[in-house]
Amino acid sequence: MNITLITVGKIKEKYYRDAIAEYSKRLSRYCKLEIVETADEKTPDNASQLQSQQIKQKEAERILKYIHEDAYCIALAIDGKKFNSEDFAAHIEKLGVAGKSSLVFVIGGSLGLHESVFQRADEKISFSDMTFPHQLMRVIFLEQIYRSYRIMHGEPYHK
């Protein structure tokens, strides 16, 4: 399976980069992983609603360029469907069995995702009702994908 993670902004902290590299390495035995970092927009302090929408729209335009027409797109959003780890693994496996060989996951920037990304997405999922820094969410996401593959293959890890 091909998994693409599209994210907004670059990872500046070495500890996040190291964790992302580690999970990317671990995932290489299960899937072909590509991480696409799109440029983020500078967000002024106390940005107005209009400014926030304009920033999200610019970021969305960059994101949407990387989502191929035949890809199954899943946007991460607080109001998306929630899974436990076993159900998430089963969902990923089910998509593969259904012929969805190219999965694209999208993590927005600090303001979240623009509506146009949600319109393109085939579904929205949530990892929590809590808000996480988008850099940390990349690590959490990769860990959960890795955990899913371990579960799918009946390998110990998910306890």
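These numbers come from a predicted model, not from an experiment. Start at 1 with the first residue, then count along the sequence.
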First locate atom [atom1] of [X], then atom [atom2] of [Y], and finally report the distance between them rounded to the nearest 0.5 Å.
| X | Y | atom1 | atom2 | answer |
| --- | --- | --- | --- | --- |
| L27 | R147 | CG | CZ | 12.5 Å |
| T131 | I78 | OG1 | CD1 | 3.5 Å |
| I125 | K81 | CD1 | NZ | 10.5 Å |
| I35 | Y23 | CD1 | OH | 13.0 Å |
| Q53 | E115 | CD | CD | 9.0 Å |
| C73 | H68 | SG | NE2 | 11.5 Å |

When you group the ILVMFWY residues by side-chain heavy-atom contacts below 4.5 Å and let the links chain together, are [Y] and [X] in the same group?
| X | Y | result |
| --- | --- | --- |
| Y149 | I20 | yes |
| I55 | V8 | no |
| V106 | F88 | no |
| I67 | L5 | no |
| F127 | V139 | yes |

- Message: What verdict does the salt bridge (charged side-chain N to carboxylate O under 4.0 Å, His left out) test give for E22 and K25, after you've listed the backbone C-alpha separation in whole Å, the side-chain angles of each residue and the deciding distance to 0.1 Å?
- Response: CA-CA 5 Å; E22 177 62 28; K25 183 178 91 178; 3.8 Å; yes

How about [X] and [Y]: do any of their side-chain heavy atoms sit closer than 4.5 Å?
| X | Y | value |
| --- | --- | --- |
| Y16 | K14 | no |
| C31 | N2 | no |
| Y30 | R150 | yes |
| L136 | P133 | yes |

Nearest heavy-atom pair of [X] and [Y]: which atoms, and what distance?
| X | Y | value |
| --- | --- | --- |
| L103 | F105 | CB-CE1, 3.9 Å |
| A47 | Q51 | CA-OE1, 3.3 Å |
| L113 | I107 | CD2-C, 4.3 Å |
| S116 | A60 | OG-CB, 3.5 Å |
| M1 | L95 | CE-C, 4.5 Å |

- Task: Give the intermediate values and the outcome of salt bridge (charged side-chain N to carboxylate O under 4.0 Å, His left out) for residues E61 and K65.
- Result: CA-CA 7 Å; E61 289 167 4; K65 288 179 187 175; over 6 Å; no

- Task: Check step by step if side chain to side chain contact (heavy atoms under 4.5 Å, CB included) holds for K124 and I74.
- Result: CA-CA 5 Å; K124 295 190 298 187; I74 301 172; over 6 Å; no

Pair [X] + [Y], salt bridge at N-O below 4.0 Å:
| X | Y | value |
| --- | --- | --- |
| E41 | R62 | yes |
| R138 | E37 | yes |
| E155 | R29 | yes |

- Please indicate whether K100 has more than 12 foreign heavy atoms, meaning atoms of other residues, nucleotides or ligands, lying under 6.0 Å from its NZ.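 Not buried by this count: 12 neighbours or fewer within 6.0 Å.
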
- Message: For the NZ atom on K82, are there more than 12 heavy atoms of other groups (residues, nucleotides or ligands in this structure) within a distance under 6.0 Å?
- Response: yes

Main-chain N/O of [Y] paired to [X] side chain as donor or acceptor, under 3.5 Å:
| X | Y | result |
| --- | --- | --- |
| S102 | A71 | no |
| R17 | K12 | yes |
| T7 | V36 | yes |
| Q57 | Q54 | no |

Does a side chain donor of either [X] or [Y] reach within less than 3.5 Å of an acceptor in the other side chain?
| X | Y | value |
| --- | --- | --- |
| S85 | Q144 | yes |
| Y66 | E34 | no |
| E123 | H91 | yes |

- Query: What's the verdict on side chain to side chain contact (heavy atoms under 4.5 Å, CB included) for T38 and E59, showing C-alpha distance, side-chain angles and the deciding distance?
  - Reply: CA-CA 8 Å; T38 64; E59 291 175 348; 5.7 Å; no

- Query: Among I145, T4, L142, which residue meets the side chain to side chain contact (heavy atoms under 4.5 Å, CB included) test with L33?
  - Reply: L142

- Message: Please evaluate residues F141 and L76 with respect to the criterion side chain to side chain contact (heavy atoms under 4.5 Å, CB included), reporting the C-alpha separation (whole Å), side-chain torsions for both, the decisive distance (0.1 Å), and the verdict.
- Response: CA-CA 9 Å; F141 170 79; L76 276 65; 4.2 Å; yes

- Item | salt bridge (charged side-chain N to carboxylate O under 4.0 Å, His left out) between K42 and D40, worked out | CA-CA 7 Å; K42 297 256 188 265; D40 58 345; over 6 Å; no

- Message: If you apply the rule side chain to side chain contact (heavy atoms under 4.5 Å, CB included), what do you find for F132 with M130, and how did you get there?
- Response: CA-CA 6 Å; F132 297 102; M130 294 182 198; 4.2 Å; yes

